[in-house]
Amino acid sequence: MGWLFGLAAFATIALVVGGLLAVALFVLKLVFWVVFLPIRLFFKLLFLPFILLKWAFVGVAGLVLLPLLLIAGLVAVIAMLVAVVTPLLPIL
């Protein structure tokens with residue numbers, strides 16, 4: 001019966017060590033983010049005008065390409081109808 005208490009003590013010690021290791025890694029992660037988050041925010045603010053310009057170019061490109069794609073789709077639908085209906089003309 002003594003080995004059972006030893007096993008329970010060993011399991012308890014393992015859980016305590018695991019908990020301490022988890023807390024230590026959490027504190028290390030917290031320090032990492034406290035140090036580097038302001039730097040990341042600074043660089044995001046620094047590149048904000050370039051990101052807005054990119055969004056503007058993408059929006060303009062979308063507005064330019066949308067009518068072209070719609071026309072190409074309409075031409076493709078007409079070509080498909082011609083390809084389907086043409087062989088049926090002798091039957092009609």
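Reckoned from all heavy atoms, side chains included, excluding hydrogens, waters and symmetry mates. What you see is a predicted model; the values in this text were computed from it and never measured.
Every ring-ring contact (aromatic ring centres under 6.0 Å, His included) that Phe36 has, sequence neighbours left out, goes to Phe32.
The CG atom of Leu46 lies 12.5 Å from the CG atom of Leu41; values are rounded to the nearest 0.5 Å. For the atom pair CD1 (Ile51) and CG (Leu45), the distance works out to 9.5 Å, reported to the nearest 0.5 Å. Interatomic distance, Phe50 CZ to Leu52 CG, rounded to the nearest 0.5 Å: 11.0 Å.
Summarising the hydrophobic clusters (Ile, Leu, Val, Met, Phe, Trp, Tyr; side-chain heavy atoms under 4.5 Å, direct or chained), the residues clustered with Leu63 are none. Grouped with Phe26 in a hydrophobic cluster is no other residue, since no side-chain heavy-atom contact under 4.5 Å to another Ile, Leu, Val, Met, Phe, Trp or Tyr is found.
Under the 4.5 Å side-chain criterion, counting only non-hydrogen atoms from C-beta, Leu65 is in contact with Leu68. The closest side-chain heavy-atom distance from Trp33 to Arg40 is below 4.5 Å.
When Leu81, Leu74, Val75 are each tested for a side chain to side chain contact (heavy atoms under 4.5 Å, CB included) with Ile78, only one passes: Leu74.
Under the 4.5 Å side-chain heavy-atom criterion for ILVMFWY residues, no single connected hydrophobic cluster contains both Leu15 and Phe10. Criterion: ILVMFWY side-chain heavy atoms under 4.5 Å apart, direct or through other members. Under it, Val35 and Leu37 are part of a common hydrophobic cluster.
Ring geometry for Phe47 against Phe43 counts as parallel: the plane angle stays under 30°, on a 0 to 90° scale with 60° as the upper cut.
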